[in-house]
Amino acid sequence: MGRIRFIIMAFAVLIIGAILLPETEVLAASLKKLKGKTDITRMDEQGNIVLSISSKKLEGAGYKYGDVVKVYIAGKTIKMPIVSKSADVDEGKPALLVRENDPYIRLSISGGSFAEKYGIATKTVHDDGSFEWAFNDGVTGSLKVSIKLKKAGAYADEYSRRKNEGIDYLALVNKQNPLPEDWEKYLETTFLTNSVGDYVEVELKAYAACKKLIEDVEENDGIHLELDSARRSVAAQQDIWDRFMIKYGEEYTLKTVATPGYSEHQTGLAIDLYFIKDGETYYYNEDMVQHPEVWKKVHAKLAKYGFILRYPKGKEDITGYGYEEWHIRYVDDPAIAEYITEKDITFEEYIEEIRKQEESGLINEGEDTVTKVTYSRYSGKNADMFLSKGDKIAVISPSALPSREQADAVVNGLKQWGYEPVEGKHVCDDVRTEEDILEDLEWALKDPEIKAIFCVRGGYGASEIADKLPLKLIRDSGKLIIGYSDITIYHSAWTSAGIPSVHSCMSGTFLGLSKACMEAEEKLLMGEMPIYTCESSSYCRTGKAKGILIGGNLSTFTGVLGSVYDCTKIDEPYILFLEDVNENMQHIHRYLTVLKHLGVLDKAAGIVFGEWTEMPVDLGDYDGLSRGGKFGSVAEMISRQFLDDTDIPVAFGFPAGHGDINYPMLMGEMTELEVGSDEFTLKFGAVD
């Protein structure tokens, strides 16, 4: 009865947390959960590298013998088990050796030292326990190892737990993969009768989320959604298959109906919708396709409640089924749903991304840099741009469309900071045009009562209005704009206009940003300039430089070059800051090559590299990097490929970007960078 929509799914044993595996950090004992850095104290007689971390701390962080962990060391990621004695170490393979009552943790490889195995050549061991080292390229220095541990195979453990409690909401079922075994054993459903009298069975959590979606669409859009179908049994699917074969033949049936056992509807997580508008029921496919404006409103709200459009337009070759506006799929986590929606990918493509992440892992460079923050009052020429309690701040989203939760977080957070937030007209519109974004921006810049502009989120879209916002309007406004990532375009525009802007977290400031970063952002807006003192890495180039701070997200910044917002054209020395997320080594190399060819790197007075987050662990020997060989980290690649002939100060690992730690910076202002062998400092504003 009614419409039939089907798909066939594959089982994927994966776990995601904001598109990353959940991670337990085990680092220096001085920080929470041992987070920090640790010195290598010595090498023992068996060639093990001995670390100054108490084994009790490791156990206290929730690990036990037999756990397989991932150790990030010297730019590499190595899976290894936790063992209690050397005899448990497999020949030629690494292990984390934690002996009972031993105050140290040892990195061990049976049959050869860890140093030799992973390319760290020990040269001299000193009486004080320190030693010099050399990589194969001959660079020497004081060796420190940055360690992060996370349980390898954590998804399998989590999935087992979830199976015991219920079902896996990320299970993929499509033409190549059947419904997971024992699915129905753990499936809990509810039944309802829709407006046309059909009985509908749906998984409990999916139904609860769908009810919220229905309420939202009805209250705000005047459209009443109904469930046409959801879960079907194998027998019901077989009956549909048989009827279609008789009525339409094999060719049509194969295109539109899932083989019994391979239908997503058997999960209870796939839901077909129909709608009632202005008292008229639109139930059949041929009627519903006549109203794309209705489905556009529905689709804009799916991710908020943990749903995705299962069969997007133009993705038939991937999903195996044609575009169906009404077929949605529950994935439980709104963050995952938002990611799939924003990237315009299918569920198949998402699962493949996660599969690759699980196989290769992901690494972050920079967010664990030990950082000390002090403050100094701003005393430069732009002192009147900073804020006072009670000031009105425009809350807009001049990039990607945010969720209501993100916008509310900014509004409520700014109120808690003592400001009066004023939301733009088009922050959370279902559909926005370039004119809408420009309208909010121009209002925020022209309204004399507005003192600053706080962006809700980045994402993508700012490039669409690039060159359409006059630099004179920006300059005359004298207002800070706050944000990062895609907001890099606006930072470049503000710098080109000759006024500063704030590179900092946005809605995330009030949704889990670290207390230290949040405090630094709050103070910076009021003119208290953070002075950062950070631990140097072996890749840093020592020296001192002053210049206007420019840059931001590498891929976004590269796209600004040559436009009227190109801040590299300013007639002053500049310090370049760069970071990125979800880019592999090849892409980063390509963007930096563009900057090199255009002279951007060579003209810089100094360079600060921030966080490289969600990077593939296997940093690879891409064809584009063949002349440089294989690199163990982004920092190593940059140092060897782009800094050989550089005599300017260069800092690596400043904790700003897309990681969990994101310290704010004042862009477009005179900045001082001083890089020493042990630490580097960043100062903003008027500097001596």
Side-chain angles (χ1 to χ4, degrees), residues 300 338 342 385 387 392-411 413-414 419 421-447 449-497 499-511 521 525 550-553 555-557 559-560 563-567 581 658 662 664-665 667-668:
E338 183 176 1
E342 285 188 357
M385 290 182 65
L387 305 178
K392 289 185 178 181
I393 300 178
V395 176
I396 65 174
S397 188
S399 183
L401 185 68
S403 66
R404 186 66 258 170
E405 179 187 17
Q406 290 172 314
D408 288 344
V410 172
V411 169
L414 291 177
Y419 300 114
V422 184
E423 191 170 324
K425 289 173 57 179
H426 305 289
V427 175
C428 288
D429 282 358
D430 292 336
V431 179
R432 295 187 304 175
T433 64
E434 294 176 21
E435 289 72 22
D436 294 333
I437 295 174
L438 281 168
E439 182 182 354
D440 274 359
L441 271 166
E442 290 175 352
W443 155 72
L445 289 167
K446 293 178 180 179
D447 190 327
E449 293 188 350
I450 297 297
K451 300 302 181 184
I453 303 168
F454 203 107
C455 302
V456 177
R457 63 160 301 175
Y460 180 80
S463 60
E464 296 176 357
I465 63 94
D467 299 358
K468 296 182 180 179
L469 200 64
L471 292 179
K472 185 178 185 303
L473 176 60
I474 298 172
R475 184 182 305 113
D476 292 346
S477 75
K479 299 173 184 179
L480 296 172
I481 189 168
I482 299 110
Y484 79 111
S485 192
D486 200 44
I487 306 303
T488 292
I489 291 171
Y490 298 108
H491 289 310
S492 192
W494 259 242
T495 300
S496 297
I499 60 174
S501 58
V502 179
H503 183 286
S504 68
C505 209
M506 298 168 285
S507 61
T509 301
F510 311 104
L511 292 172
E521 184 173 346
L525 294 182
I550 69 170
N553 180 259
S555 54
T556 306
F557 180 72
V560 178
S563 73
V564 297
Y565 293 167
D566 183 354
C567 60
V581 59
H658 287 74
N662 186 9
M665 297 183 293
M667 310 295 288

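Keep in mind it's a predicted model, so treat the numbers as computed, not measured.
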- Item | Residues forming a salt bridge (charged side-chain N to carboxylate O under 4.0 Å, His left out) with Glu435, sequence neighbours excluded | none
- What pair of heavy atoms forms the shortest contact from Ile550 to Cys567, and how long is it? CB-SG, 3.7 Å
- Message: For Lys392, give me all partners under side chain to side chain donor-acceptor pair (under 3.5 Å), at least two apart in sequence or on another chain.
- Response: Glu449
- Applied to residues 460-487, the ring pair (Phe, Tyr, Trp, His ring centres under 6.0 Å) test, sequence neighbours excluded, yields Tyr484-His503, Tyr484-His658
- Can you name the residues that form a side chain to side chain donor-acceptor pair (under 3.5 Å) with Lys425, not counting sequence neighbours? Glu439
- Working to the nearest 0.5 Å, report the span between CG of Leu441 and OG of Ser477. 10.5 Å
- Could you tell me the separation between the OH atom of Tyr419 and the CG atom of Leu387, rounded to the nearest 0.5 Å? 4.5 Å
- Please confirm whether the backbone N or O of Val502 pairs with a side-chain atom of Trp494, one donor and one acceptor, at under 3.5 Å? no
- Message: Applying side chain to side chain donor-acceptor pair (under 3.5 Å), can you list everything that pairs with Ser504, at least two apart in sequence or on another chain?
- Response: Glu521
- Message: Given 3.5 Å as the limit, does a donor-acceptor pair link the side chain of Ser492 with the main chain of Tyr565, or not?
- Response: yes
- Item | Nearest heavy atoms of Val427 and Pro402, plus distance in Å | O-CD, 3.1 Å
- Message: If you compare all heavy atoms of Leu401 against all heavy atoms of Asp429, which two are closest, and at what distance to 0.1 Å?
- Response: CD1-O, 2.9 Å
- Message: Going by the rule side-chain contact (heavy atoms from CB on, under 4.5 Å), which residues pair with Ala400 if we only count those two or more places apart in sequence or in a different chain?
- Response: Arg457
- Check: Thr556 main-chain N/O paired with Asn553 side-chain donor or acceptor under 3.5 Å: yes
- Hey, is the main chain of Pro398 close enough, under 3.5 Å, to the side chain of Tyr490 for a donor-acceptor pair? yes
- For Ser403, the side-chain contact (heavy atoms from CB on, under 4.5 Å) test, sequence neighbours excluded, returns Glu405, Gln406
- Got a sec, which residues hit salt bridge (charged side-chain N to carboxylate O under 4.0 Å, His left out) with Glu423, two or more places apart in sequence or on another chain? Arg404
- Message: Measuring only between side-chain heavy atoms, which start at C-beta, is Arg432 closer than 4.5 Å to Ser397?
- Response: yes
- Do you know the tightest heavy-atom contact between Asp486 and Ala462? OD2-N, 2.8 Å
- Task: Find the distance between NZ (Lys479) and NZ (Lys451) and round it off to the nearest 0.5 Å.
- Result: 7.5 Å
- Can Trp443 and Ile396 be said to form a side chain to side chain contact (heavy atoms under 4.5 Å, CB included), step by step? CA-CA 10 Å; Trp443 155 72; Ile396 65 174; 3.9 Å; yes
- Item | side chain to side chain donor-acceptor pair (under 3.5 Å) involving Asp440 - partner list, sequence neighbours excluded | none
- Item | Least distance between heavy atoms, Ile481 atom then His491 atom | O-CE1, 4.1 Å
- Query: CG/Asn662 to SG/Cys505 distance, rounded to the nearest 0.5 angstrom?
  - Reply: 5.0 Å
- Query: Once you round to the nearest 0.5 Å, how far does CD1 of Ile393 lie from CG of Leu525?
  - Reply: 6.5 Å
- Is a side-chain donor-acceptor pair under 3.5 Å present for Thr433 with Asp436? yes
Enumerate donor-acceptor pairs with a distance under 3.5 Å from any side-chain N or O in residues 464-474 to protein atoms, sequence neighbours excluded.
unit_1: Lys468; atom_1: NZ; unit_2: Glu434; atom_2: OE1; d: 2.2
unit_1: Lys472; atom_1: NZ; unit_2: Asp476; atom_2: OD2; d: 2.6

- Donor-acceptor pair, Ser507 side chain versus Val456 backbone, under 3.5 Å? yes
- Could you grab the distance from atom CD1 of Ile499 to atom CG of Leu480, nearest 0.5 Å is fine? 7.5 Å
- Where is the tightest heavy-atom contact between Ser563 and Val560, given as atom of each residue plus distance? OG-O, 2.7 Å
